[in-house]
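Input: a single structure, listed below in structure tokens.
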Amino acid sequence: MSAARKLFVVGGSGFLGQAICHSALARGWEVLSLSRHGAPGKALTRDPSGKPAAGCIRWIQGDALKPESFQEHLPGCTAVVHTVGVLMENNYKSMVNMGATSRASRQPPTTYEQANRDTALSVARAARGVQGLDTFVYISASDVLPLISARYISTKREAENDLLAHRDAMRPIILRPGFMFSSVRPVSLPIAAGVSLYNTLYHRTPAGCLLKHTPFAKAASPALRREVVASAVVNAIEDRRVSGVLEIADIERIGNTSVP
Ligand SMILES: NC(=O)c1ccc[n+]([C@@H]2O[C@H](COP(=O)([O-])OP(=O)(O)OC[C@H]3O[C@@H](n4cnc5c(N)ncnc54)[C@H](OP(=O)(O)O)[C@@H]3O)[C@@H](O)[C@H]2O)c1
């Protein structure tokens, strides 16, 4: 039996966070989740395939921007995964979740700087120096989305740079996924199908040449299944050789590798 492995997932109640919690639980990790609401609306008792979850997640209600609300839970943890981030500053989650009752829609507006950068720096500062906590995973993003504010990516890169600069204190693992999809977020499925069609047009037809010099050129990157990204997170933590920035192709490769 391996030494105690305890994962602290910041945003474990979110779209990707839930899949990361399940992936880690299935691999025998003890899992804590931090979010402002604590447990998600529908507490997780089943994994994404519908099977009963392998263990229990400890739901902590707190704010990543307020260390006093979570730092007592860090001792004993061996890795942190940070998944907080906003794509748009005006609570677009109420639209993508297709629910007027979405709890995210009731949050006050958050800036890119606060959500994408400051929450990560706040948790990383609190985590540095905690004995045995040696890995920090940051869910960043690939610069593939056209028409989104440049600050979405620049604030992600600022957080990445801080984590890389402190690599002596904690091993930084930075994932830069493109668009992620899953049936649990139904609106993501037609978008993923559109991304796939666009990739075919771009890479395999003459239309690609016409698109090359438009803002849409960068969108020609594969969408990723949420579960593949979650699996890449856990695989990367467990493989001590993995460190630094993981681009879309790296995430696909590591996420589809089963670790013995
Ligand atoms: N979805 C995509 O296609 C995609 C693509 C590329 C990159 N990404 C990145 O992947 C990450 C995860 O995305 P997602 O779609 O899973 O996001 P999400 O569903 O919005 O989940 C965000 C999570 O963070 C929590 N949270 C927000 N603010 C917080 C705070 N101040 N303190 C503690 N917890 C907080 C939320 O819960 P509460 O509201 O209860 O706090 C929720 O659990 C983000 O960084 C995003 O930028 C996403």
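Remember, it's 1-based here, ligands and their atoms both numbered in the order they're listed.
- Using a 30° and 60° split on the angle between ring planes, F70 and F8 fall in the tilted class, from 30° to 60°.
- With 3.5 Å as the limit, one finds no donor-acceptor pair spanning the side chains of R117 and S154.
- Between V84 and ligand 1, an N or O atom pair is found at a separation short of 3.5 Å.
- The S13 neighbourhood of ligand 1 comprises atoms 37 (O), 42 (C), 43 (O), with distances under 4.0 Å to a heavy atom of that residue.
- Of the possible donor and acceptor atoms, none in the side chain of E89 sits under 3.5 Å from a partner among the backbone N and O of T110.
- The shortest N or O to N or O distance between T119 and ligand 1 is not under 3.5 Å.
- Residue G14 places at least one N or O, backbone or side chain, under 3.5 Å from an N or O of ligand 1.
- Contact annotation: for R226 versus ligand 1, there are no heavy atoms closer than 4.0 Å.
- For the pair R5 (side chain) and R27 (backbone), a donor-acceptor distance under 3.5 Å is present.
- Side-chain atoms of K6 do not come within 3.5 Å of backbone N or O of L74 as any donor-acceptor pair.
- Looking at ligand 1, you'll find an N or O of M180 within less than 3.5 Å of one of its N or O atoms.
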In a table with atom names and distances, give each donor-acceptor pair under 3.5 Å that connects a side chain of residues 173-184 to protein atoms at least two apart or in another chain.
unit_1, atom_1, unit_2, atom_2, d
R176, NE, E160, OE1, 3.4
R176, NE, E160, OE2, 3.1
R176, NH1, E247, OE2, 2.8
R176, NH2, E160, OE1, 2.7
S182, OG, V184, N, 3.1

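- Polar contact with ligand 1: present for L16 (N/O pair, distance under 3.5 Å).
- Counting the atoms of ligand 1 from 1 in the order shown, those under 4.0 Å from a heavy atom of H37 are 38 (P), 39 (O), 40 (O).
- Residue F15 has at least one nitrogen or oxygen atom sitting less than 3.5 Å from a nitrogen or oxygen atom of ligand 1, judged on distance alone.
- The backbone N or O of A19 lies less than 3.5 Å from no partner atom in the side chain of S23, so there is not a single donor-acceptor pair.
- Nearest-residue assignment for atom 27 (C) of ligand 1 (options K66, R36, K156; heavy-atom criterion): R36.
- Considering both main-chain and side-chain atoms, N116 never comes within under 3.5 Å of ligand 1 through any nitrogen or oxygen pair.
- Ligand 1 places these atoms under 4.0 Å from at least one heavy atom of Y152: 7 (C), 8 (N), 46 (C), 47 (O).
- Listed by number with element, the atoms of ligand 1 under 4.0 angstrom from any heavy atom of D63 are 30 (C), 31 (N), 32 (N).
- Ion pair D162/R125 not flagged as a salt bridge, since none of the NZ, NE, NH1 or NH2 atoms sits closer than 4.0 Å to an Asp/Glu carboxylate oxygen.
- Side chain of Y198 to main chain of F216: a donor-acceptor pair is present (N/O by atom type, distance under 3.5 Å, no hydrogens or angles).
- Ligand-side atoms of ligand 1 in range of S140: 7 (C), 9 (C), range being under 4.0 angstrom from any heavy atom.
- The residue from G178, A141, A159 that puts a heavy atom closest to atom 5 (C) of ligand 1 is G178.
- Here is the list of ligand 1 atoms found below 4.0 Å of a heavy atom in R185: 1 (N), 15 (O), 19 (O).
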Task: Stepwise side-chain contact (heavy atoms from CB on, under 4.5 Å) test for T78 and T135 - done: CA-CA 7 Å; T78 47; T135 303; over 6 Å; no
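- Each of the following atoms of ligand 1 lies closer than 4.0 Å to a heavy atom of G11: 23 (C), 24 (O), 25 (C), 43 (O).
- Closest heavy-atom approach to atom 33 (C) of ligand 1 among the candidates S188, A64, A230: A64.
- Every atom of ligand 1 with a heavy atom of F179 under 4.0 Å away is listed here by number and element: 3 (O).
- Each of T83, V10, L65 was compared with T119 under the side chain to side chain contact (heavy atoms under 4.5 Å, CB included) criterion, and only L65 meets it.
- For the pair D239 (side chain) and N235 (backbone), a donor-acceptor distance under 3.5 Å is absent.
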